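Naming: A, B, ... by sequence-line order, numbering from 1 per chain. These numbers come from a predicted model, not from an experiment.
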Amino acid sequence: MPNVVACFKWVVDEAYIRKGAAGALDFSAVDYKISEYDRNALEEAARCRGEGGKVTALTAGGPEAAKGLKDALSRGADTAVFAGDPAFADLDSSQTAAVLAEIIRTLIPYDLIICGEGSGDKYAQQVGPRLAENLGIPCISYIQKLTVAAEGGRITAERRVEEGVEVVEASFPVLVTVLPEINIPRIPGVKDTLMAGKKPVRTVKKEELPPLGEAKLKTLAMTAARLERNCELYGTAPEDIARFVAALQQKGVIG
Amino acid sequence: MAGIWIFAEKKELVLELLTLGGQLAAAGGGKLTAVVPAAEGDPADYIAAGADEVVLLSPLPEDMSLAAWLPVLAGEIKAADPEAVLLAATSRGKEIAARLAARLETGLASNCLSLAPGTDGDALVMERLAYGGAALQRVAITGRPVLATIPPRTFPPSAAVPGREGSVRTLPPPPADAVRIVARKEKERSAQDIAAAKTVVCVGRGLEKRDDLQLARQLADALGGEIGCTRPISEELHWLPDNLCIGLSGVQVKPDLYIGLGVSGQIQHLTGLRGARLICAVNRDPNAPIFPAADLGIVGDLYDVTPKIIAEIKKIRG
């Protein structure tokens, strides 16, 4: 059965981001997590590994991302590879894909690579397709269902497109990006966490890889998004509801 | 100036990108080239709407997906060397854009809300959302061309100007692709309409059981609108299909009126409706994060409030 690589990213938990002065973002109280979409990738990898296959969890990040390894390993992966280096702390999609591609090519036997549809922080939705290109393998993005053929060697996937679903096939090796609805990720138990601590982790340093290319995307500014509106509150008594509906009418949204 | 290229799979998306492409071309970007599947309408319509050149993708065999055009597109773009390539941020468009960026060894700004000519030597400066929608990220691309994807309905369709002239050429079919389509499933009609609906009634976790969707439907019917949901309703409870899920990674809606029933207002959900003209919320919890993001709010039980709203609308409508 297939050897599967599940890629994940250790990201800021956006629930802890506060709005600072003058529209700045305050990261001082943030916690970190495995990007939500990547939990689906890890779960899907564990699910379709079958008998005899091996799941490798792979990530790139700064040294602090090491905290995510045990979490990833408690979600069904057999082993983890960590491109961990201060130089990898804030890579753009092209750099991340290049680092992951180099590691997969040289260190990890694989048939199937699974990525989340995007990361929970920048949500650029690029690393998966770029990684497939860097490796020169087929890419099937935004899938909601994945089936490994019983005889092995290929997959069938349901890809979400604008007008519905395309059911597609491709032979190994292949990369897919998964939508959150593909599965419900497990919540690791105490036993999973204990076992995860005994699983092997290979850390790869910058020096072991070819020189990192220039970032192709630069962030000029990152400010708090404005979602606030001036909420007018109404009560629940019949006359309040009448005023509420009158307000809708006055704003021209009901005929 | 070597021009602006746009690419989208559907006619309405092409027309939207022509609006943006036209602005950028007028600001000094040179010629505007639209790449369009040949089945998507008359090339003369695109020329009238601002394209100087229309590049048609000849029809593909049933089992080939749009991404099969990738090597051909990469070659065409390399040869033409445009300043920027703008693609509609559909599933297909986003994948093709990211793979093109890899092949052309350039950068891609995904899901852009705005694009404008840059200063300080940047060809273009783009704005996009990050951190689930909590942050606005301004970005520039260091490679060439600048690649960007733009969500559907970010720009209005470009209006036709009679008498415009332009050229049309057709690309021959691409080589076979490693990904084969074996079946296609169309989604239900209602699901296709939610992104374009004028009124959206959205249900969240405050809904106690599946049967109660009826209540939301009655409100939607009274308003002539469509029904949508938050992620837990589709993904965990499966009460509604996934393509009715509103949010950053779901459908992004731009209705005149959005009413959330029992929706708490997680940032990822709010981001999916930031384009709504009027946002209303009904929720028992006065501290629900949807209230600060709403225009009108009712702190109350949706089971008490919704029938009253329906009755009041019917009263008005006579």
Side-chain angles (χ1 to χ4, degrees), chain A residues 12 14 17 25 94 97 117-118 120-126 129-130 133-134 138-142 144 160-170 180-181 184 214-225 227-229 231-234 236 238 241-242 244-245 247-249 251 253-254, chain B residues 65 90-92 94-95 98-99 101-103 106-110 125 129-143 178-187 223 235 242 249 256-257 267 270 274 278-279 291-300 304-305 308-309 312-313 316:
Chain A
V12 163
E14 69 283 354
I17 301 175
L25 292 165
S94 69
E117 59 149 323
D121 53 358
K122 306 286 171 57
Y123 197 57
Q125 303 183 294
Q126 293 181 31
R130 279 182 179 271
E133 287 295 315
N134 290 357
C139 171
I140 309 171
S141 54
Y142 306 105
Q144 58 180 17
R160 178 79 65 76
V161 292
E162 308 318 295
E163 69 277 8
V165 169
E166 281 178 354
V167 185
V168 301
E169 278 183 359
E181 47 267 34
I184 296 176
E214 290 281 306
K216 300 279 194 279
L217 179 133
K218 55 180 181 182
T219 296
L220 306 173
M222 185 80 88
T223 51
L227 288 169
E228 292 84 2
R229 302 189 181 206
C231 189
E232 220 174 287
L233 283 177
Y234 291 79
T236 59
I241 303 292
F244 171 78
V245 173
L248 296 184
Q249 199 177 23
K251 297 201 188 273
V253 294
I254 57 173
Chain B
S65 65
T90 59
S91 300
R92 293 184 179 103
K94 289 188 287 188
E95 180 192 312
R99 295 173 65 187
R103 286 192 186 208
T106 188
L108 162 64
S110 320
V125 172
L129 295 171
Y131 299 110
L136 194 65
Q137 186 187 17
R138 273 168 71 80
V139 300
I141 299 303
T142 54
V179 177
R180 299 167 305 277
I181 299 177
V182 294
R184 286 185 168 85
K185 300 177 195 172
E186 297 266 318
K187 62 187 170 191
L223 292 164
E235 192 184 309
D242 295 311
S249 66
D256 288 338
L257 172 61
I267 184 79
L270 295 179
R274 74 201 301 276
L278 196 75
I279 297 176
F291 285 120
D295 300 290
L296 305 180
I298 299 177
V299 179
D304 167 43
V305 171
K308 288 181 187 165
I309 299 176
E312 195 61 36
I313 290 166
I316 286 177

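For the residue pair B:A98 and A:P129, the shortest heavy atom distance occurs at CB-CB, 3.7 Å. Contact between B:I313 and A:V245 at its shortest, heavy atoms only, is CG1-CG1, 4.0 Å. Summarising the geometry of A:V168 relative to B:I181, their closest heavy-atom pair is CG1-CG1, 3.9 Å, with the distance given to 0.1 Å. Shortest non-hydrogen contact noted between B:A130 and A:M222 is CB-SD, 4.1 Å. The heavy-atom pair separating A:A225 from B:G133 by the smallest distance is CB-O, 3.2 Å. Summarising the geometry of B:Y131 relative to A:K122, their closest heavy-atom pair is OH-CE, 3.9 Å, with the distance given to 0.1 Å.
Using a 4.0 Å cut-off between charged nitrogen and carboxylate oxygen, B:K185 and A:E163 do not count as a salt-bridge pair.
Interatomic distance, OG1 of A:T236 versus CD1 of B:I298, reported as 8.5 Å (0.5 Å rounding). In this structure, CD1 in A:I241 is found 7.0 Å from CG in B:D304, a value given to the nearest 0.5 Å. In this structure, NZ in A:K216 is found 7.0 Å from OG1 in B:T106, a value given to the nearest 0.5 Å. Interatomic distance, B:E95 CD to A:Q125 CD, rounded to the nearest 0.5 Å: 11.5 Å. To the nearest 0.5 Å, atoms CD (A:E169) and CZ (B:R180) are separated by 5.0 Å. In this structure, the separation between CD on B:E235 and CD on A:E181 is 6.0 Å, given to the nearest 0.5 Å.
In this structure, the portions of A:L227 lying under 4.5 Å from any heavy atom of chain B include both its backbone and its side chain. Residue contact with chain B, scored on non-hydrogen atoms closer than 4.5 Å, involves the backbone and the side chain of A:Y123 alike. For a residue to count as touching a neighbouring chain, one of its non-hydrogen atoms must lie under 4.5 Å from one of that chain's; by this rule A:D121 touches chain B with backbone and side chain alike. Heavy-atom distances place the side chain of A:L25, and not its backbone, under 4.5 Å from chain B. At a 4.5 Å heavy-atom cutoff, the contact between A:I140 and chain B is made by backbone and side-chain atoms alike.
Looking only at side-chain heavy atoms (C-beta outward), A:R229 and B:P292 stay at 4.5 Å or farther from each other. Within the 4.5 Å cutoff, no side-chain heavy atoms of B:V139 are placed close to those of A:L220. Under the 4.5 Å side-chain criterion, counting only non-hydrogen atoms from C-beta, A:Y142 is not in contact with B:R92. Counting only heavy atoms from C-beta outward, the side chains of B:L296 and A:L248 approach each other to under 4.5 Å. B:I309 is listed as a side-chain neighbour of A:F244, based on a closest heavy-atom distance under 4.5 Å.
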Between B:T142 and A:E214, is the side chain to side chain donor-acceptor pair (under 3.5 Å) condition met? List the steps. CA-CA 9 Å; B:T142 54; A:E214 290 281 306; over 6 Å; no
Run the numbers on B:T90 and A:V161 for side-chain contact (heavy atoms from CB on, under 4.5 Å), then give the verdict. CA-CA 7 Å; B:T90 59; A:V161 292; over 6 Å; no
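Contact tally against chain B (heavy-atom pairs below 4.5 Å) for A:R130, A:R160, A:E14, A:E228: the top residue is A:R130. Residue with the most contacts toward chain A among B:G297, B:A293, B:A102: B:G297 (heavy-atom pairs, distance under 4.5 Å). Taking chain B as the reference chain and counting heavy-atom pairs below 4.5 Å, the highest number among A:A170, A:A224, A:P138, A:A221 is found for A:A221. Annotation: maximal heavy-atom pairing with chain A below 4.5 Å, among B:S91, B:G143, B:A109, occurs at B:S91. Of the listed residues (B:A140, B:A101, B:G300), the greatest number of heavy-atom pairs within a distance under 4.5 Å of chain A belongs to B:A140. Comparing B:I141, B:D242, B:I279, B:L270 by heavy-atom pairs within less than 4.5 Å of chain A, the highest count is held by B:D242. Of the listed residues (B:L257, B:I267, B:V305, B:V299), the greatest number of heavy-atom pairs within a distance under 4.5 Å of chain A belongs to B:L257. The candidate from A:A124, A:A215, A:A247 with the greatest count of non-hydrogen atom pairs under 4.5 Å with chain B is A:A124. Residue with the most contacts toward chain A among B:L223, B:L278, B:D256: B:L278 (heavy-atom pairs, distance under 4.5 Å).
Side chains of A:T219 and B:Q137: a donor on one and an acceptor on the other come within 3.5 Å. Side-chain contact annotation: B:S65 with A:E166, donor-acceptor N/O pair under 3.5 Å absent.
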